[in-house]
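Notes to accompany the following structure.
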Amino acid sequence: MMNAAKYRRQYFLPPERCMEWTKKEYIDHPPIWCSVDLRDGNQALVIPMSLEQKVEFFKLLVKIGFKEIEVGFPAASETEYNFLRTLIDQNLIPEDVTIQVLTQAREHIIKKTFDAVKGAPRAIIHLYNSTSLAQREQVFHKSPEEIKQLAVDGAILLKKLADETEGNFLFEYSPESFTGTEPEYALEVCNAVLEVWKPTPEKKAIINLPVTVQHSMPHIYASQIEYMCKYLKDRENVIVSLHPHNDRGCGVADAELGVLAGADRVEGTLFGNGERTGNVDIVTLAMNMYSQGVDPGLDFSDMPEICEKYEEFTGMKIDERSPYSGALVFAAFSGSHQDAIAKGMHYREEHDPDHWTVPYLPIDPTDIGRNYDADVIRINSQSGKGGVGYILETKYGLNLPPKMREAMGYVAKAVSDHVHKELMPEEIFELFKKNFENVVKPLSINEVHFQQTEEGITTQVTSSFKGRKITTEAKGNGRLNAVSNALKKAYGLKYDLITYQEHALEQSSSSRAIAYVGIRKPDGGLAWGAGVDQDIIRASIDALVTAINNR
């Protein structure tokens, strides 16, 4: 049996009510983005990236548009140190990009960090120490005052070494395990650090408030952030940063509510890679903003390429249902969903609206390099007429009558159900041709002649049915009606011609046409046929014959 009584809430509410953020409807401008893929993400990999992979990943992050990139913990290993030196010595850091390095609040680590970052055009030195009640009591066995002094001593050494080291340095401080720290104590530590650094408008300091481990629902974190933003020293010269992890599955919500609560900056990773359940997913965060009409300042217009490179560099796999990036996130298998999407797309073509409102598609897949044929309408045993009709129309130019789409939908559904697999567009097209186009058994027509008379059209039809060859003459109010009457007369067929539709397949002087014919059988059921020919009359006759053969 599970025993919930062994757990208790490990978070702390601010000493006063902080809920002003609830009055805001949405995020109206992007935060400063900082990718920590090369540090936090890399340390969470079973096999960390090689130097070459990290260099290529850095270039990808720059291409996407990150202006701040945490490149590692240079005092942790030779690979980390060499990677940082490679970026600096080979001039791989663009002028508008700031690198960030992480260091614990320990003297020898801070000194090695400054050795590694020497000569960087612009760098953020990210200092941290854990402040949570659990770590103070269980790990460090230190008092709150002693833990605060660690942070202050680290801040003093950072300032001293920055003055002595070649480069342009900014400072960042994280009270690690912030979400397990009493907010008033976290504020006391952060303000003590700010008192050392004395940030200015020209040289702001970053106070990063990480969700090192998620302990609460997102609204609690937002209240903690609002409290910190309200009482931090020199708030106008401080960039408040968020670094959410995802232990409760709320990383994105924590970040979004934290920004509403006053944060200016977000640290995270592509696709949420990171320790345990991962970091906040910057792709999801940025695309959420994009879907609300706010430019996130990051370019995910070629999402397939980004996904491919990410998987190559990290050895990780992006889940098929991962928001925006997953292979199936735009896929509609459900018949009702497919029908709504198809109608939504037709609505866009007819009305050319200013904004995207297609049902079941929160954004236009083509905006991020996906396409409708391969990624949106997918056919399996759960699909229906809308999806099948959409594929035949958009990929092969076939605009089936509504009831014929329904019949074709049942055909595709039955085949998919039987073989237990998804059907590709070309398989659906072949099913259409096999079942509905120019079917010539058991009835076929060998020869047709027409004559215009005062009473209408007279036709002479030579046909074969189950080995019998018959020439029959009949009249009708049109050519197709006359041929239909001739076949009824020849073989005693009983049906009503209820649907006739045609359209060109290709726009040229020698274009082919397709005709669709639907007939109602004596039992009330419908049968369908299609014919394709350069001669529309021949196409319509072939469609009628197919419908009769499908009775």
Side-chain angles (χ1 to χ4, degrees), residues 328 330-346 358-361 372-444 484 493-503 505 514-532 539-551:
L328 296 178
F330 298 110
F333 292 103
S334 160
S336 61
H337 288 207
Q338 292 173 345
D339 187 56
I341 290 171
K343 289 175 179 174
M345 296 301 291
H346 281 304
V358 175
Y360 298 111
L361 295 179
Y372 302 126
D373 292 343
D375 296 312
V376 179
I377 303 296
R378 307 276 291 269
I379 305 302
N380 64 13
S381 61
Q382 306 300 307
S383 305
K385 60 181 180 181
V388 171
Y390 181 80
I391 284 178
L392 290 174
E393 180 179 359
T394 58
K395 200 163 183 66
Y396 300 102
L398 308 181
N399 188 11
L400 278 60
K403 288 294 184 180
M404 189 178 189
R405 287 203 299 271
E406 187 175 322
M408 179 60 205
Y410 283 122
V411 169
K413 183 193 294 276
V415 171
S416 178
D417 193 33
H418 178 71
V419 299
H420 299 291
K421 75 179 190 72
E422 178 186 359
L423 299 181
M424 296 296 103
E426 55 271 19
E427 294 176 293
I428 295 166
F429 186 48
E430 288 302 316
L431 279 176
F432 173 80
K433 291 195 292 184
K434 177 182 176 182
N435 287 273
F436 294 104
E437 185 181 310
N438 297 350
V439 177
V440 294
K441 290 182 180 180
L443 171 68
S444 63
S484 177
L493 302 175
K494 296 186 182 299
Y495 63 83
D496 295 317
L497 184 61
I498 60 163
T499 299
Y500 173 74
Q501 187 174 307
E502 66 182 57
H503 63 79
L505 283 177
I514 185 168
Y516 310 100
V517 167
I519 61 175
R520 178 177 288 116
K521 300 177 287 185
D523 63 3
L526 301 179
W528 293 93
V532 177
S540 62
I541 292 171
D542 289 343
L544 174 63
V545 169
T546 298
I548 293 171
N549 284 330
N550 281 338
R551 286 183 311 148

Can you list the residues that meet the side-chain hydrogen bond (donor to acceptor under 3.5 Å, both in side chains) rule with Lys343, with sequence neighbours excluded? Asp339
Is Ser416 reaching over with its side chain to a backbone N or O of Ala412, donor-acceptor style, under 3.5 angstrom? no
Side chain to side chain donor-acceptor pair (under 3.5 Å) contacts touching residues 514-526 (sequence neighbours left out): His503-Tyr516
Report the C-alpha distance between Asn399 and Arg405 in whole Å, list the side-chain angles of each, state the deciding distance to 0.1 Å, and finish with yes or no for side-chain contact (heavy atoms from CB on, under 4.5 Å). CA-CA 9 Å; Asn399 188 11; Arg405 287 203 299 271; 4.2 Å; yes
Only counting residues at least two apart or in another chain, list the ones meeting side chain to side chain contact (heavy atoms under 4.5 Å, CB included) with Val532. Glu437, Leu505, Arg512, Ile514
Taking all atoms of both residues into account, what is the closest heavy-atom pair of Ala543 and Ala515, and its distance? CB-O, 3.4 Å
Asn435: side chain to side chain contact (heavy atoms under 4.5 Å, CB included) partners, not counting sequence neighbours: Val411, Leu431
Closest heavy-atom contact between Gly344 and Pro359? CA-CD, 4.0 Å
State which residues pass side chain to side chain contact (heavy atoms under 4.5 Å, CB included) with Pro442; sequence neighbours excluded, sorted by chain then number. Phe465, Lys466, Asn549
Tell me, do Leu493 and Arg551 make a side-chain contact under 4.5 Å, heavy atoms counted? yes
For Gln501, side-chain hydrogen bond (donor to acceptor under 3.5 Å, both in side chains) partners two or more places apart: none
With the side chain counted from C-beta on, respond yes when Leu400 and Trp528 share a heavy-atom pair under 4.5 Å apart, and no when they do not. no
Under the salt bridge (charged side-chain N to carboxylate O under 4.0 Å, His left out) definition, can you give me all pairs with a residue in residues 425-436, not counting sequence neighbours? Lys421-Glu427, Glu430-Lys433
Can you tell me how far the CD atom of Glu393 sits from the NE2 atom of His346, to the nearest 0.5 Å? 3.5 Å
Can you measure from CG (Leu443) to CD1 (Ile548) and round to the nearest 0.5 angstrom? 5.5 Å
For Tyr500, the side-chain hydrogen bond (donor to acceptor under 3.5 Å, both in side chains) test, sequence neighbours excluded, returns Glu502
Which pairs, with at least one residue in residues 397-418 and sequence neighbours excluded, count as a ring pair (Phe, Tyr, Trp, His ring centres under 6.0 Å)? none
Give the minimum heavy-atom separation between Pro425 and Lys395, together with the two atoms involved. CB-CD, 3.4 Å
Heavy-atom check, side chain of Phe432 versus side chain of Leu398, under 4.5 Å: yes
Under the side-chain hydrogen bond (donor to acceptor under 3.5 Å, both in side chains) test, residues paired with Ser540 that sit two or more places apart: none
Given side-chain contact (heavy atoms from CB on, under 4.5 Å), test Gln338 with Ile341 step by step and report yes or no. CA-CA 5 Å; Gln338 292 173 345; Ile341 290 171; 5.8 Å; no
Approximate separation, where rounding is to 0.5 Å, of Leu526 CG and Asn550 CG: 12.0 Å
Could you give me the CA-CA distance, side-chain angles and deciding distance for Val545 and Val517, then say whether side-chain contact (heavy atoms from CB on, under 4.5 Å) is met? CA-CA 9 Å; Val545 169; Val517 167; over 6 Å; no
Quick check: do Val388 and Lys413 have side-chain heavy atoms less than 4.5 Å from each other? no
All ring-ring contact (aromatic ring centres under 6.0 Å, His included) counterparts of Phe429, not counting sequence neighbours: Tyr396
Could you work out, with side chain to side chain contact (heavy atoms under 4.5 Å, CB included) as the rule, every residue matching Lys494, not counting sequence neighbours? Pro522
